[in-house]
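Here the structure comes first, spelled out in C-alpha cells, and everything after it is commentary.
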2 protein chains.
Amino acid sequence: MGESPRFVDGYLLALLARASHAASAGFHAQLKARGVAVPVWRVLATLEGAAQGVTVGELAETCLMQQPTMSKLLDRMAADGLVARQRQGRMMRIRLTPPGAALAAELVAEARAHEAALLARHAGAAPALKALLRDIAGPSSEAG
Amino acid sequence: MGESPRFVDGYLLALLARASHAASAGFHAQLKARGVAVPVWRVLATLEGAAQGVTVGELAETCLMQQPTMSKLLDRMAADGLVARQRQGRMMRIRLTPPGAALAAELVAEARAHEAALLARHAGAAPALKALLRDIAGPSSEAG
DNA sequence: GGCCAACATATGACTTTTCATATGTCACGG
DNA sequence: CCGTGACATATGAAAAGTCATATGTTGGCC
C-alpha cells in the first residue's frame with residue numbers, strides 16, 4: 001500500500017536494456033564456458049556467411065561498438081587466428097579464417113538453438129516482437 | 001534476388017540489443033552533452049526517490065553491472081559528491097546527496113520527456129511492448 | 001564468549017574500452 | 001602529376017571494467 005514504484009521499473013529504455021540483458025544471459029554463459037567473449041562472438045556472427053568480407057566500420061556499427069574498439073578487437077582476433085585483414089582501397093576487408101569460420105558456424109548453431117528455446121517460452125509473440133524491435137531500432141536495420 | 005539475409009539481422013538477441021542501443025542513442029547523447037556517463041545516469045535513476053537508500057548489490061543488479069564495477073563507480077560518484085555511503089550492518093546503504101538528487105531529478109525529467117517523444121512515434125504499441133519486455137526480462141522485474 | 005561458515009563490499013593485477021588524434025588512401029581541382 | 005580535403009583505419013595515453021580474492025560483518029553453534 002502506498003508504495004511508490006521505482007522510475008526505472010517503468011522506463012522504456014531500462015526495460016529494453018533489461019530485456020536484452022536477461023534474454024542474452026543464458027547464451028552469454030554458454031559463450032563464457034567456451035572461453036569466447038561476447039564482442040568476439042558478435043564479430044564472428046556478423047562475419048558468418050559473409051564470404052567477401054566486411055569492413056571495420058560496418059563491423060563496428062553492426063556490433064554496436066566504436067571504431068577504435070573494433071580495430072583493437074580485430075587485432076586480438078587476428079592474433080588468435082580467427083580473422084584475416086586484407087586491404088582493399090582505403091578500407092580493410094575482414095574475413096573469417098577457416099578456424100574462425102568453423103567456430104562461427106558452431107556458435108551460430110548454438111545461438112539458433114538458444115533462440116528457438118527462448119521463443120518457445122514466449123510462443124506466438126515472436127513475429128510481433130521482432131517487428132516492434134525493428135521499428136524501434138530504426139532505419140539502420142532496413143538497409144540491405 | 002537470391003540475397004542471403006545476414007544471420008544477425010533476424011537473430012532475436014541482436015534485435016533486442018540493437019533496439020535498446022538505438023532507442024537509447026538520443027538520450028545518451030543528451031547525457032554526454034551534460035558530461036554525465038551512462039553508468040552514472042543509471043545509478044542516479046535508480047537512487048532517485050529512494051530516500052532510505054539502496055545497497056551496492058541492488059544497484060549493481062538494477063544497473064546491469066557487476067558488483068566490483070559498481071563499487072568503483074560509487075567511489076567516483078562519491079568523490080564527485082553525487083552519492084554518500086553509509087554502513088548499515090554488513091551492507092552499505094547508498095543515497096543521493098542533495099546535489100546528486102538535484103541532478104537526478106533533472107535527468108529523470110529529461111528522460112521522461114525523451115521517452116514520451118519516443119512513444120509518440122510508436123503510438124499505441126507502448127503497453128504491449130512493455131509487457132513483452134517485462135516478460136522477457138523475467139522474474140527479476142517482478143520483485144517489488 | 002569465541003570460532004566458523006555465509007554474506008556484502010572492497011581491492012589489486014590485468015584486460016578492454018575510450019577519446020583524441022595520427023596515419024594511410026582515394027577523389028578531385030589546378 | 002601534385003596538393004587538399006574527405007574518408008577509413010590505427011594508435012597512444014588515460015579511464016573503466018573484469019576476475020579473483022581480500023576484508024569486514026553477522027549469526028549460529030559449541
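Note on naming: letters A, B, ... go to the chains in the order of the sequence lines (proteins, then strands), and numbering restarts at 1 for each one.
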Charged N-O contact under 4.0 Å between B:D9 and A:K130:
no
Let me check something: do B:F7 and A:L31 share a hydrophobic cluster, defined by ILVMFWY side-chain heavy atoms less than 4.5 Å apart, either directly or through other members?
yes
Ignoring hydrogens and angles, tell me if any N or O in the side chain of B:R95 forms a donor-acceptor pair with the backbone of B:A51 under 3.5 Å.
yes
Given pairs defined as Watson-Crick or G-U wobble with both distances under 3.5 Å, what dot-bracket annotation applies to DNA chain D, with ( ) intrastrand, [ ] crossing, | other strand and . unpaired?
||||||||||||||||||||||||||||||
Could you tell me the separation between the CE atom of B:M70 and the P atom of C:dT11, rounded to a whole number of Å?
16 Å
So which heavy atom on A:S71 is nearest to which on A:V56, and how close?
OG-CG1, 4.1 Å
How do A:M65 and A:G89 order along DNA chain C: which one's closest nucleotide is nearer the 5' end?
A:M65
Residue closer to the 5' end of DNA chain D, B:Q67 versus A:E58 (nearest nucleotide):
A:E58
Between A:T62 (side chain only) and A:E58 (backbone N and O only), is there a donor and an acceptor less than 3.5 Å apart?
yes
Which residue lies toward the 5' end of DNA chain C, B:V54 or A:T69, if each is placed at its nearest nucleotide?
B:V54
Atom-to-atom span, CE of B:M92 to C1' of C:dC7 - whole angstrom:
14 Å
Is the side chain of A:T97 donor-acceptor paired with the backbone N or O of A:L82 at a distance under 3.5 Å, no angle test?
yes
I need the CZ-P distance between A:R93 and C:dG24, as an integer number of Å.
21 Å
Length of the CE-C1' vector between A:M91 and C:dA27, whole Å
13 Å
Which pair of heavy atoms, one from A:G53 and one from A:R93, lies closest together, and at what distance?
O-NH1, 3.0 Å
Checking the side chain of B:S24 only, and the main-chain atoms of B:S20 only, is there a donor and an acceptor separated by less than 3.5 Å?
yes
Does A:E110 come within less than 4.0 Å of A:R34, counting only side-chain N to carboxylate O?
yes
Could you check whether B:R85 gets within reach of a base, just the sugar-phosphate, or nothing at all, counting any heavy atom under 4.0 Å?
sugar-phosphate
Extract, from 5' to 3' on DNA chain D, the first and final nucleotides lying under 4.0 angstrom from some heavy atom of chain A.
D:dA6 to D:dC19
Within the structure shown, what part of the strands sits under 4.0 Å from B:Q66 by heavy-atom distance: base, sugar-phosphate, or nothing?
sugar-phosphate
